[in-house]
Amino acid sequence: MSARSENPGASSELTAAGEPELRACAQPDPALAGTPRAEGTPPVRPALGCGRRGRNCSSRAGRGGHVVRGCRDKERAWEPERSGTGGLAAAGHLSNSMASPKKKLQGLVAATITPMTEHGEINFSVIGRYVDYLVEEQGVKNVFVNGTTGEGLSLSISERCRVAEEWVTKGRNKLDQIVIHVGALSLKESQELAQHAAEIGADGIAVIAPFFLKPWNKDVLINFLKEVAAAAPALPFYYYHIPALTGVKIRAEELLDGIQDKIPSFQGLKFSDTDLLDFGQCVDQNRQRQFAFLFGVDEQLLSALVMGATGAVGSTYNYLGKKTKQMLEAFERKDFSSALNHQFCIQRFINFVVKLGFGVSQTKAIMTLVSGIPMGPPRLPLQKASREFTDNAEAKLKSLDFLSCTDLKDGNMEACS
Ligand SMILES: CC(=O)N[C@H](C=O)[C@@H](O)[C@H](O)[C@H](O)CO
Ligand SMILES: CC(=O)C(=O)O
């Protein structure tokens, strides 16, 4: 089986993003518990973005319970999305012309799967259950929607809008933060998605580097990101660094140098790469800033925590959130030996599935197994995980005592104690 991976943590060279096998890596996350999302959040601005071009944004309730009209309704004045920030919050560095940023994004962030039917359509009907599962069973209250795991780049713009709306609607008063990935090859589409995310009351947007016609230096990439951020200037903006999949190898540390002068809403970085020199320097050179440093290689999270990660975004937090939180808690209380045991335990699972071929398809199968929520097959060019994979993964989850999400117990695990 090829070791090709969608995962930047993977050691092998990545080529096409369509390759189903991912490698597992870990993510860091120091602060586990985010503050709950403000109730009755922001009146939501009418959804213009999707609709402007006649896309099918139907009317629906936005975060604050306000109706987000789709499409062509431009009447309502936009109200700032969030007022006051408390403690961690942050970003006092944003200009007054922008809505105040809310609290800093920290702790575990699940990179959401996009549930699909057997016929390849998005299965919106299970997203409410999915929210409850993350919060109640995994203790994960932040989500990153339409990213790699969510097959964001395999969805149409209209589908991406609708998925985002569903998460915002169902996550209201349950999730702390909902960040929408709005990266696209077309600047226009990315702007449309960014604006739509603001309109529906999302908590932030993230953007990858365009990866077909690519920016070849830092300044060009910044210019692209700046144009996207400008479409939603009040939303915290995160750069999603995933060089193995985008092929854009501009170092994050270089990109961050002076980035807030160009992108005032810049709030942090989702770093999906194994270059801990680059990651460490991002942290070190920006210590005086309140950026979120979100690590994206789950199997290496502990190393990134040591390096100063303030949170983690990853696919495995969908089903190993609770386990990973144990590691974070051990790290916070400076029980490094226990933290390492937890990381090794998680690595054992990830290493096992990586060897079988691990990617978004397999993540969907594992999540279906663990949560009982049908995630369905992936969309082409990905292919459904094999029965053999699922059976093997299930056996491993059981032997590691991961399936029931019970606590680690001595003697209960494969050498995990
Ligand atoms: C490429 C990819 O999807 N990476 C994910 C997030 O960045 C990770 O969460 C990995 O799935 C995880 O680290 C397992 O390798
Ligand atoms: C893992 C991650 O961050 C993503 O799916 O985009």
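Read the numbers this way: they start at 1 and go in the same order the structure lists the ligands and their atoms.
With ligand atoms numbered from 1 in the order given, ligand 2 contributes 2 (C), 3 (O), 4 (C), 6 (O) to contacts under 4.0 Å with heavy atoms of Tyr240. Close approach to Ala111 involves these atoms of ligand 2, each under 4.0 Å from a residue heavy atom: 1 (C), 2 (C), 3 (O), 4 (C), 5 (O). For ligand 1 and Ser272, the ligand atoms under 4.0 Å from any heavy atom of the residue are 7 (O). Within ligand 1, the atoms closer than 4.0 Å to a non-hydrogen atom of Gly314 are 9 (O), numbered from 1 in the order shown. Annotation for ligand 2: atoms under 4.0 Å from non-hydrogen atoms of Phe144 are 6 (O). Counting atoms of ligand 1 from 1 in the listed order, those under 4.0 Å from a heavy atom of Lys270 are 6 (C), 7 (O). Of all atoms in ligand 2, numbered sequentially from 1 with element shown, those under 4.0 Å from a heavy atom of Ser315 are 1 (C).
Annotation: side chain of Phe224 is not in contact with side chain of Pro215 (no heavy-atom distance under 4.5 Å). Side-chain atoms of Met375 and Leu369, non-hydrogen and from C-beta on, never get closer than 4.5 Å to each other.
Salt bridge Glu118/Lys384: present, at least one basic N to carboxylate O contact under 4.0 Å. In summary, Arg287 and Asp284 engage in a salt bridge, as defined by a charged side-chain N under 4.0 Å from a carboxylate O. Using a cut-off of 4.0 Å between Lys/Arg side-chain N and Asp/Glu carboxylate O, Lys218 and Glu253 are scored as not salt-bridged. Under the 4.0 Å criterion applied to side-chain N and carboxylate O atoms, Lys364 and Glu151 are assigned as salt-bridge partners.
With a heavy-atom cut-off of 4.0 Å, Lys270 touches ligand 2 through its side chain alone.
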_Could you go through Lys398 and Glu394, starting from their C-alpha distance and side-chain angles, then the distance that decides it, and tell me whether this counts as salt bridge (Lys or Arg N to Asp or Glu O under 4.0 Å)?_
CA-CA 6 Å; Lys398 282 182 175 157; Glu394 180 173 12; 3.2 Å; yes
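The N/O atoms of Gly296, backbone and side chain alike, include one that comes under 3.5 Å of an N/O atom in ligand 1. Among the atoms of Ser272, none of the N or O lies under 3.5 angstrom from an N or O of ligand 2. Considering backbone and side-chain N/O of Ser315, one or more are found under 3.5 Å from N/O of ligand 1.
Here the closest non-hydrogen pair linking Ile122 and Glu159 is CD1-CB, 3.6 Å.
Residue contacts with ligand 2: Gly296 is excluded, as none of its non-hydrogen atoms falls under 4.0 Å.
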